[in-house]
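The sequence lines fix the lettering, A, B, ..., with proteins before strands; numbering per chain opens at 1.
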Amino acid sequence: MLTLFNTLTGKQDPFESLEPNKARMYVCGVTVYDYCHIGHARSALVFDVLRRYLEYSGYEVSFVKNFTDVDDKIIKRANEQGVSCEAVTAKYINAYYEDMGKLGIAPATKEPKATDHITDIVAMTETLVKKGLAYHVDGDVYFQVDKYPAYGRLSKRKLEDLQAGARVEVDERKHHPVDFALWKRSKAGEPSWPSPWGPGRPGWHIECSAMSIKHLGETFDIHGGGMDLIFPHHENEIAQSCGATGKEFARYWIHNGFVQVNQEKMSKSLGNFFTIREIFEKSKWSQDVTGEVLRYFLLSTHYHGPLDFSDQGLHEAKQALEGFYGLFNRLREPESNTVADRNLVSVIDRAREAFQKAMDDDLNTPVAVSELQKLRYDVNKLLEVGLSTGERQQAREAFRLVGSVLGLFQLDRWEYGAKLEPGQYQLSSTEVDAKLVERNEARKRKDFRKADEIRRLLAADGITIEDKPDGTSRWKR
RNA sequence: GGCGCCGUACCCAAGUGGCUAAGGGAGCAGUCUGCAAAACUGCGAUGCAGCGGUUCGAACCCGCUCGGCGCCUCCA
């Protein structure tokens, strides 16, 4: 059974969905004012894998992930560039899909935008005002934190501690320094919508409450996001939502750790971040390879802990994946010698069981991946003894099936080596095959000078040759 | 000041009370090979930052020390 570390309870809880075989999850997406960096990729990937694993485990998953498309940073960006906010958000939403698509991150079931839910947001704000949990001052509406006694239960903070540590300028109009905006009066030139308190725009936290409740119901299963969202964002979401509905909000709160660079948090403010597209542009590997390498790399650390981003880490991930795809290539070859081996099925079953056990343990992807490494080892050994064509296909399918949970091993063909020129090889596959025939004829004649010359020629095009015992060769690049 | 995380081999990374401390990358030696590549076989932490303590037993629990980091402010 799947257990998940729940920030709310501070421990690993068995996952039991509200409705049998149905899981409803909401994940805080991105504010679309810039390109996504690796940190966004990690978060998106973690919840993509959670969703895939729930589906693999037999759940029908309703997965909602929002776009924050109204915000101070967007307004600022639009003003800097002299374009409309819509132009900014449209651009970066497109970029988001492009980047995440390269990473193999599947779109959520629903991906709502804040600006499409203004009426829901206004309605929820009104409810909170009516219930006396929020108050109106000069066109702004604030949530009154001390009216919600459970405030701080997610982040394990006491109101007094927050007050003592507050480094923000205190807005005198607020009843309590920690009170936060549900609705903000718009200044001239800012996006604005009509409301009972005058023209304005939503605060940040309320959109997630309004959209998650609208699309998933007042109480749903999983709510996720980066560690940094625990406070204040998720704490505020809980206060608003529970305050408005009087019911429990999300039951499992899942938070992923940060991507760091040189042991430091990667962030915009530190300027030490890498965007996803930078990684792809910089990479000497093909797009498919880079996407899978990045996935493998990100999944080789448990989602809850920090992850140090480095070229070396990426390279190690690539090497590890090459081991898998090398095996897949061999599995594609028709049998030569058949030694019936009944172990294959048990080896696969054992691997699947171990894989599930690891994933059940709070999505322990590093262990899950290592179980697949063990399967690779086992299948390689069986291949030495001899597997029939059917068994080879069976083995390949097992990797494909289990790998699909992690989004790995789905490619038919993997470009191993570095490209000479971005986008183009010198030699086509048929030309390579012809060269190999030529080389093997030379080998038969023991003309090894000629054979090695051809090898060098192909190597210059990024191709590695592997000679098989039967005198033919396979190649990869 | 408050809350919290981390320190495991050359590198990455699981393990959080009890079989020989997973797995990967790199390395070394061997099998195979015309050579190579791949695969396979073998080697590699008597020890888990340090020091104390609890326990029959600790990397794992407790305390202290050292080192690194995060949140409390927009942030995945």
Side-chain angles (χ1 to χ4, degrees), chain A residues 7 10 27-31 33-34 36-47 68 71-73 76 152 155-158 160-169 178 204 224-233 235 255-260 262-270 273 296-297 300-302 304-308 310 312-324 326-327 329-330 354 358 361 364-374 376-377 379-381 383-385 443 446-449 451-452 455 459 463-469 473-476:
Chain A
T7 307
V27 170
C28 291
V30 293
T31 301
Y33 74 105
D34 205 348
C36 291
H37 59 229
I38 319 286
H40 297 115
R42 185 182 194 196
S43 185
L45 179 58
V46 164
F47 294 104
T68 297
D71 173 88
D72 290 344
K73 293 187 290 292
K76 187 170 166 238
S155 57
K156 317 283 184 269
R157 290 185 166 117
K158 295 187 204 104
E160 311 89 72
D161 296 339
L162 289 168
Q163 209 169 351
R167 277 186 267 157
V168 243
E169 278 179 57
V178 186
W204 175 36
M227 289 279 185
D228 49 353
L229 297 184
I230 295 171
F231 190 90
H233 185 54
E235 194 68 62
H255 294 97
N256 65 277
F258 291 121
V259 175
Q260 312 184 324
N262 297 325
Q263 318 293 325
E264 259 188 338
K265 175 184 173 181
M266 187 173 79
S267 73
K268 296 262 163 89
S269 44
L270 289 169
F273 65 94
Y296 189 101
F297 169 71
S300 60
T301 300
H302 186 88
H304 206 254
L307 168 73
D308 215 56
S310 67
Q312 193 195 328
L314 241 38
H315 186 253
E316 286 183 6
K318 167 119 184 322
Q319 293 301 107
L321 276 168
E322 279 198 9
F324 283 103
L327 170 61
N329 276 353
R330 268 167 269 134
D361 182 18
N364 197 335
T365 55
V367 169
V369 164
S370 82
E371 294 301 342
L372 295 175
Q373 289 283 7
K374 286 179 194 162
R376 178 180 74 92
Y377 173 83
V379 173
N380 262 322
K381 272 183 102 155
L383 206 52
E384 293 250 308
V385 182
R443 287 210 299 147
K446 305 250 190 267
D447 183 357
F448 298 122
R449 242 170 64 137
D452 290 345
R455 198 217 307 269
I463 289 163
T464 308
I465 297 167
E466 290 177 22
D467 293 334
K468 294 193 278 184
S473 308
R474 67 173 78 90
W475 61 276
K476 63 188 189 183

For A:Asp361, give me all partners under salt bridge (charged side-chain N to carboxylate O under 4.0 Å, His left out), at least two apart in sequence or on another chain.
none
Toward the 5' end of RNA chain B, which comes first, A:His37 or A:Pro306, by nearest nucleotide?
A:Pro306
Can you sort out the partners of A:Ser473 under side chain to side chain donor-acceptor pair (under 3.5 Å), two or more places apart, ordered by chain and number?
A:Asn440, A:Asp467
Salt bridge (charged side-chain N to carboxylate O under 4.0 Å, His left out) filter on A:Lys73, not counting sequence neighbours, yields A:Asp71
Please state the P separation for the pair B:rU16 and B:rC61 - nearest whole angstrom.
10 Å
What interatomic distance, in whole Å, is found between C1' of B:rU55 and the corresponding atom of B:rC62?
12 Å
Rounded distance in Å - CG (A:Asp228) to P (B:rG4):
18 Å
Using a 4.0 Å heavy-atom cut-off, does A:Met266 contact any base of the nucleic acid, only the sugar-phosphate backbone, or nothing at all?
base
Figure out the CG/P separation between A:Leu314 and B:rG25, and round it to whole Å.
16 Å
Nearest to the side chain of A:Phe258, heavy atoms from C-beta on, is which of B:rG70, B:rA14, B:rC3?
B:rG70
If you measure from OG1 on A:Thr365 to CG on A:Leu372, what distance do you get to the nearest 0.5 Å?
11.0 Å
Neighbour count >12 (heavy atoms, 6.0 Å) for atom NZ, A:Lys468
yes
Taking the same atom, C1', in B:rG42 and in B:rC6, what whole-Å distance lies between them?
35 Å
CZ-CZ distance between A:Arg42 and A:Phe297, expressed to the nearest 0.5 angstrom
9.0 Å
Applying the Watson-Crick and G-U criteria (both distances under 3.5 angstrom) with [ ] for crossing and | for other-strand pairs, one obtains for RNA chain B ((((((((.[[[..)..(....]]].(((((.......))))).....[[[[[..)....]]]]])))))))....
Students often get this wrong, so: under 4.0 angstrom with heavy atoms, is A:Gly225 touching a base, only sugar-phosphate, or nothing?
sugar-phosphate
Applying salt bridge (charged side-chain N to carboxylate O under 4.0 Å, His left out), name anything that partners A:Glu322, two or more places apart in sequence or on another chain.
A:Lys318
Heavy-atom donor-acceptor pair, A:Gln260 side chain to A:Asp308 backbone, under 3.5 Å:
no
Taking the minimum atom-to-atom distance to the side chain of A:Lys156, which one of B:rG25, B:rC3, B:rA76 wins?
B:rC3
Side-chain N,O (A:Asn364) to OP1/OP2 (B:rA13) below 4.0 Å
no
So what does A:Gly39 hit on the nucleic acid, given a heavy-atom distance under 4.0 Å: a base, only sugar-phosphate, or nothing?
base
Starting from P on B:rU16, measure out to NE2 on A:His304 and report it in whole angstrom.
16 Å
For the P atoms, the ones on B:rU8 and on B:rC48, what distance do you get once it is rounded to whole angstrom?
11 Å
Pair A:Lys374 + A:Glu371, salt bridge at N-O below 4.0 Å:
yes
Counting only side-chain heavy atoms from C-beta out, which of B:rA13, B:rA76, B:rG25 sits nearest to A:Glu316?
B:rG25
Any protein N or O atoms within reach of nucleotides 67-69 of chain B? Criterion: under 3.5 Å, listing atom names and distances.
residue	atom	partner	partner atom	Å
B:rC69	O2'	A:Gln260	NE2	3.4

Counting the atoms with a prime plus P, OP1 and OP2 as sugar-phosphate, which does A:Gly305 contact under 4.0 Å by heavy atoms, base, sugar-phosphate, or nothing?
nothing
Classify the nucleic acid contact of A:Arg42 as base, sugar-phosphate or nothing, counting any heavy atom under 4.0 Å across all strands shown.
nothing
Identify the heavy atoms of A:Asn256 and A:Ser43 that sit nearest to each other, and give their distance.
OD1-OG, 3.1 Å
Rounding to an integer number of angstrom, what distance separates B:rG27 and B:rC10 when you compare their C1' atoms?
9 Å
Provide the distance between the two P atoms, one in B:rU46 and one in B:rU41, to the nearest whole Å.
25 Å
I need the A:Cys28 SG to A:Phe47 CZ distance, nearest 0.5 Å.
9.0 Å
Which residues satisfy the ring pair (Phe, Tyr, Trp, His ring centres under 6.0 Å) test with A:Phe273, sequence neighbours excluded?
A:His37
Give every pair of a protein N or O atom and an N or O atom of nucleotides 60-62 of chain B that lie under 3.5 Å apart, one pair per line with the distance.
none

A:Lys158 NZ to B:rG1 C1', in whole Å, measures 13 Å
Describe the nucleic acid contact of A:Ser370 in one word from base, sugar-phosphate, nothing, applying a heavy-atom distance below 4.0 Å.
base
So, using side chain to side chain donor-acceptor pair (under 3.5 Å) as the criterion, who are the partners of A:Arg330 when residues are at least two apart?
A:Asn380
Listed by chain and number, what are the salt bridge (charged side-chain N to carboxylate O under 4.0 Å, His left out) partners of A:Asp452, not counting sequence neighbours?
A:Arg455
In Å, rounded to the nearest 0.5 Å, how long is the span from NE2 of A:His255 to OG1 of A:Thr7?
4.5 Å
Taken to the nearest whole Å, CZ/A:Phe231 to C1'/B:rC5 is 18 Å
5' precedence on RNA chain B between A:Ala320 and A:Asp361 (nearest-nucleotide basis)
A:Asp361
What distance, rounded to whole Å, do you find between the two C1' atoms, one in B:rG7 and one in B:rC51?
16 Å
Using a 4.0 Å cut-off on protein heavy atoms (strictly under), produce a 5'-to-3' string for nucleotides 30-45 of chain B with B for base contact, S for backbone-only sugar-phosphate contact, and - for none.
----BBBBSSSS----
Which whole number of Å gives the distance between the C1' atom of B:rU65 and that of B:rG23?
33 Å
Which is true for A:Val46 with a 4.0 Å heavy-atom rule: it touches a base, it touches only sugar-phosphate, or it touches nothing?
nothing
Under the side chain to side chain donor-acceptor pair (under 3.5 Å) test, which residues partner A:His302, sequence neighbours left out?
A:Asp362
